[in-house]
Number of protein chains: 2
Amino acid sequence: MSPEDFLRLDLQLCFPLYAASRAMVQAYTPLLSKLGLTYPQYLVMLVLWETDGVTVKALGEKLYLDSGTLTPLLKRLETLAFVRRERSKEDARSVRVSLTPQGRALRRKATSIPEAIACRTGLSLEELSRLRRDVLRLFENVSK
Amino acid sequence: MSPEDFLRLDLQLCFPLYAASRAMVQAYTPLLSKLGLTYPQYLVMLVLWETDGVTVKALGEKLYLDSGTLTPLLKRLETLAFVRRERSKEDARSVRVSLTPQGRALRRKATSIPEAIACRTGLSLEELSRLRRDVLRLFENVSK
DNA sequence: TCCAATTCAGTTGCGCGCAATTCAATTGTG
DNA sequence: CACAATTGAATTGCGCGCAACTGAATTGGA
């Protein structure tokens, strides 16, 4: 295989990854729109449902997103009345994000989503878990 | 495992995929910026290097992008003088995109990129090819 | 042939992502 | 203690993605 061949679209890994990632987000979209959420907003809610009262910095570290993305997103979630944002008392540089009762209540409506998505992938739980592990390894290699 | 557990961020496939896809694009960014391209623009150039004079519709079908994304992107590539856009004579609804000499010349400067990226993944060619196949299968299942 | 339906590109509007910068709060060092 | 360096969030600017829509060109059925 010549070095030229590596420029063939069909031989690259990134493009399928990029297309698959967008396709997965599209699969979530109709389910999430019932809750009034976008996919990145859903990711933030997943973190908050696990750990309420987290700072913007900690959110960014979990989701690999910066304040340029998170600040406006969190303002939209605040407008939707799913979260509150308030300056930390201990360190006035940081902002804590907490769930409102509505934000907490939203969790129940979201419980059916992961299984619905898992079905859409057409993969078994074992295949899903293996693929997640492989993609995670790729992510760790590439992002370091 | 309870249905609640499926809402755990660390157990989902889409998030690693989403993070890995962005990380891969970030790995491309410094290499592509030397050529003056973004990653989606690079994808368009890959198609044109394989098949010059393609329509916007055909580009969209190969890259799974619509005219809302492609039209402004192609205008930027035209401003950069890498492509020309012209209404088709056979069917005036469609627009053909062709490489300029500069666009064609850019290919040589891009030849080293795929290998550099492959190295960054830390995976062997066999692992890369297997992962590409698995991700492609996921994409096909989810997008149909 | 006519004209309704379809197709193709373009436009608008909005929400990310992310680089780069700003600004206030805090930390660490002499 | 002073003050330079660092940190955390916000802001700005730009390029996607994509849904929804527009308008022109083409197609296909009555």
Side-chain angles (χ1 to χ4, degrees), chain A residues 14-15 17-30 32-33 36-45 54-80 82-83 85-97 143, chain B residues 14-15 17-30 32-33 36-45 54-61 63-80 83 85-97 143:
Chain A
C14 187
F15 174 61
L17 207 64
Y18 166 79
S21 168
R22 286 187 293 125
M24 289 280 300
V25 170
Q26 293 227 53
Y28 275 95
T29 299
L32 290 177
S33 73
L37 296 176
T38 65
Y39 183 71
Q41 289 166 9
Y42 171 68
L43 291 180
V44 167
M45 296 304 286
V54 77
T55 63
V56 173
K57 178 180 167 57
L59 262 176
E61 280 166 355
K62 279 195 196 269
L63 300 178
Y64 310 102
L65 292 170
D66 69 5
S67 68
T69 300
L70 287 174
T71 297
L73 185 157
L74 291 169
K75 283 182 179 176
R76 284 186 285 272
L77 284 181
E78 194 171 35
T79 302
L80 291 167
F82 293 140
V83 308
R85 299 185 310 133
E86 44 195 352
R87 287 275 157 196
S88 164
K89 287 186 177 73
E90 310 88 69
D91 185 341
R93 286 171 304 181
S94 64
V95 167
R96 289 206 170 277
V97 184
S143 63
Chain B
C14 187
F15 174 61
L17 207 65
Y18 167 78
S21 169
R22 287 186 291 126
M24 290 280 300
V25 170
Q26 292 227 54
Y28 275 95
T29 298
L32 290 176
S33 72
L37 295 176
T38 64
Y39 182 72
Q41 289 166 7
Y42 170 69
L43 291 180
V44 167
M45 296 303 287
V54 78
T55 64
V56 173
K57 177 180 166 56
L59 261 176
E61 280 167 355
L63 300 178
Y64 310 102
L65 292 171
D66 70 6
S67 67
T69 301
L70 287 174
T71 297
L73 185 157
L74 292 168
K75 283 182 178 175
R76 284 186 284 272
L77 283 180
E78 195 171 35
T79 302
L80 291 168
V83 309
R85 298 184 312 134
E86 44 194 354
R87 286 275 155 195
S88 164
K89 287 184 178 72
E90 311 89 67
D91 185 341
R93 286 172 305 181
S94 64
V95 166
R96 289 207 169 277
V97 184
S143 64

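- Nearest-nucleotide positions on DNA chain D for Thr69(B) and Asp91(B) put Thr69(B) closer to the 5' end.
- Across all strands, Arg85(A) comes closer than 4.0 Å only to sugar-phosphate atoms, never to a base (heavy-atom distances).
- Note on Leu73(A): only backbone sugar-phosphate atoms sit closer than 4.0 angstrom, heavy atoms only; bases stay farther off.
- Applying the 3.5 Å distance criterion, the base of dG8(D) shares no donor-acceptor pair with the side chain of Ser67(A).
- If you check every strand for non-hydrogen atoms under 4.0 Å, Thr29(A) touches nothing.
- Listed candidates were dT7(D), dA25(D), dT11(D). Nearest to the side chain of Ala92(B) is dA25(D).
- Using a 4.0 Å heavy-atom distance criterion, Ser94(B) is classed as a sugar-phosphate-only contact.
- In this structure, Lys57(A) does not reach the dT6(D) phosphate: none of its side-chain N or O atoms is under 4.0 Å from OP1 or OP2.
- With dA25(D), dA9(C), dG15(C) as the candidates, the nucleotide lying closest to the side chain of Arg87(B) is dA9(C).
- Taking only side-chain atoms of Pro40(A), from C-beta outward, the nucleotide of dG17(C), dA9(C), dT6(C) with the closest atom is dG17(C).
- Glu90(A) comes within 4.0 angstrom of the backbone, heavy atoms only, and of no base.
- Distance check: Arg96(A) CZ to Glu90(A) CD gives 5.5 Å after rounding to the nearest 0.5 Å.
- Among the nucleotides dG17(C), dA19(C), dA10(D), the one closest to the side chain of Asp66(A) is dA19(C).
- Comparing atom distances between the Arg76(A) side chain and each of dG15(C), dA10(D), dG10(C) picks out dG15(C) as nearest.
- Taking every side-chain heavy atom of Val56(B) into account, dA9(C) is the closest of dC16(D), dA9(C), dC16(C).
- Under 4.0 angstrom from either OP1 or OP2 of dC18(C) there lies at least one side-chain N or O belonging to Gln26(B).
- The shortest heavy-atom contact between Phe15(B) and Leu43(A) is CD1-CD1, 3.8 Å.
- Where Arg96(A) and Ala23(A) meet DNA chain D, the nucleotide closest to each residue was compared, and Arg96(A) sits on the side nearer the 5' end.
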